[in-house]
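This report refers to the structure that appears directly beneath it.
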Amino acid sequence: MYSILEDLNNACSNIEASALISTDGMVIASVLPKGMNEDTFGAVSAALNSVGIQSIRDLADGVLEQIMVKSSRNYILMTQAGEESVLTVIMKSHTELEHVISKVKNAVEKMLLVA
């Protein structure tokens, strides 16, 4: 899984961090910058994922596929990676958003084949 994340980060210059997180917040694999706390990354990803799933259940129809959170400096993109995990990516800007989304989907497909 680590090599898939490395390839993802290297393929998109806007990606600062990526991690495959279990739905309970455990980090399965990650490529994070120095100083970024892996446990916090996992806990926040799991919490956002849980809120997203509940939001879809209560307010919309369907199955959660992606969550995007925008700050003044970064974007957090979360993509479901099977029933028990989510791929979370932090990127610097939206300039390559469609490219990043495409690469993230490809990474998820590779991870599901390995799992």
Side-chain angles (χ1 to χ4, degrees):
M1 298 296 175
Y2 177 79
S3 64
I4 295 170
L5 293 176
E6 265 193 333
D7 290 345
L8 174 63
N9 286 23
N10 291 332
C12 302
S13 62
N14 276 330
I15 294 178
E16 295 181 329
S18 63
L20 181 64
I21 312 291
S22 70
T23 53
D24 63 358
M26 186 179 95
V27 176
I28 299 165
S30 68
V31 177
L32 307 178
K34 187 174 183 175
M36 187 174 281
N37 186 294
E38 190 175 77
D39 293 334
T40 301
F41 198 99
V44 170
S45 293
L48 282 171
N49 189 59
S50 179
V51 169
I53 290 170
Q54 191 64 43
S55 298
I56 294 296
R57 266 192 215 132
D58 293 347
L59 303 175
D61 188 24
V63 177
L64 178 66
E65 291 180 11
Q66 290 184 325
I67 298 171
M68 186 178 311
V69 179
K70 181 184 184 288
S71 77
S72 60
R73 296 182 50 208
N74 299 2
Y75 287 80
I76 301 170
L77 175 66
M78 299 176 61
T79 302
Q80 293 303 122
E83 292 181 26
E84 300 291 323
S85 58
V86 63
L87 175 55
T88 302
V89 172
I90 297 177
M91 54 191 163
K92 294 180 252 187
S93 76
H94 72 283
T95 57
E96 295 182 322
L97 185 56
E98 290 301 320
H99 178 67
V100 170
I101 289 172
S102 173
K103 292 293 183 182
V104 166
K105 286 181 181 179
N106 290 340
V108 167
E109 288 171 6
K110 289 178 186 174
M111 289 175 178
L112 293 174
L113 289 175
V114 172

Shared hydrophobic cluster for [X] and [Y] (ILVMFWY, side-chain gaps under 4.5 Å):
{"X": "I28", "Y": "L112", "value": "yes"}
{"X": "I56", "Y": "I67", "value": "yes"}
{"X": "M1", "Y": "L77", "value": "yes"}
{"X": "I76", "Y": "V27", "value": "yes"}
{"X": "V86", "Y": "I53", "value": "yes"}

Is a donor from one side chain sitting under 3.5 angstrom from an acceptor on the other, for Q66 and T79?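 The criterion, which ignores hydrogens and geometry beyond distance, is satisfied for T79 and Q66.
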Please check if the side chain of S50 supplies one atom and the backbone of A46 the other of a donor-acceptor pair under 3.5 Å.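 Not a single qualifying donor-acceptor pair exists.
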Backbone N/O of E98 and side chain of S102: donor-acceptor pair under 3.5 Å: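 Not a single qualifying donor-acceptor pair exists.
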[X] side chain near [Y] side chain, heavy-atom distance below 4.5 Å:
{"X": "V100", "Y": "Y75", "answer": "no"}
{"X": "H99", "Y": "N14", "answer": "no"}
{"X": "I21", "Y": "M78", "answer": "no"}
{"X": "L64", "Y": "N49", "answer": "yes"}
{"X": "M111", "Y": "L5", "answer": "yes"}

Dump the intermediate steps for side chain to side chain contact (heavy atoms under 4.5 Å, CB included) on I90 and M36, then the final yes or no. CA-CA 11 Å; I90 297 177; M36 187 174 281; 3.9 Å; yes
Which distance, rounded to the nearest 0.5 Å, do you find between the [atom1] of [X] and the [atom2] of [Y]?
{"X": "K103", "Y": "M91", "atom1": "NZ", "atom2": "CE", "value": "14.5 Å"}
{"X": "M68", "Y": "I101", "atom1": "CE", "atom2": "CD1", "value": "4.5 Å"}
{"X": "E38", "Y": "S30", "atom1": "CD", "atom2": "OG", "value": "3.5 Å"}

Among N106, V31, L87, find the one that has a side-chain contact (heavy atoms from CB on, under 4.5 Å) with L8.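 Testing L8 for a side-chain contact (heavy atoms from CB on, under 4.5 Å) against N106, V31, L87 leaves exactly one candidate, L87.
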Pair N10-E6, side chain to side chain donor-acceptor pair (under 3.5 Å): steps then yes or no: CA-CA 6 Å; N10 291 332; E6 265 193 333; 5.6 Å; no
At their closest point, which heavy atom of A81 faces which heavy atom of L20, and how far apart are they?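 Shortest heavy-atom separation between A81 and L20 comes out as CB-CD1, 3.8 Å.
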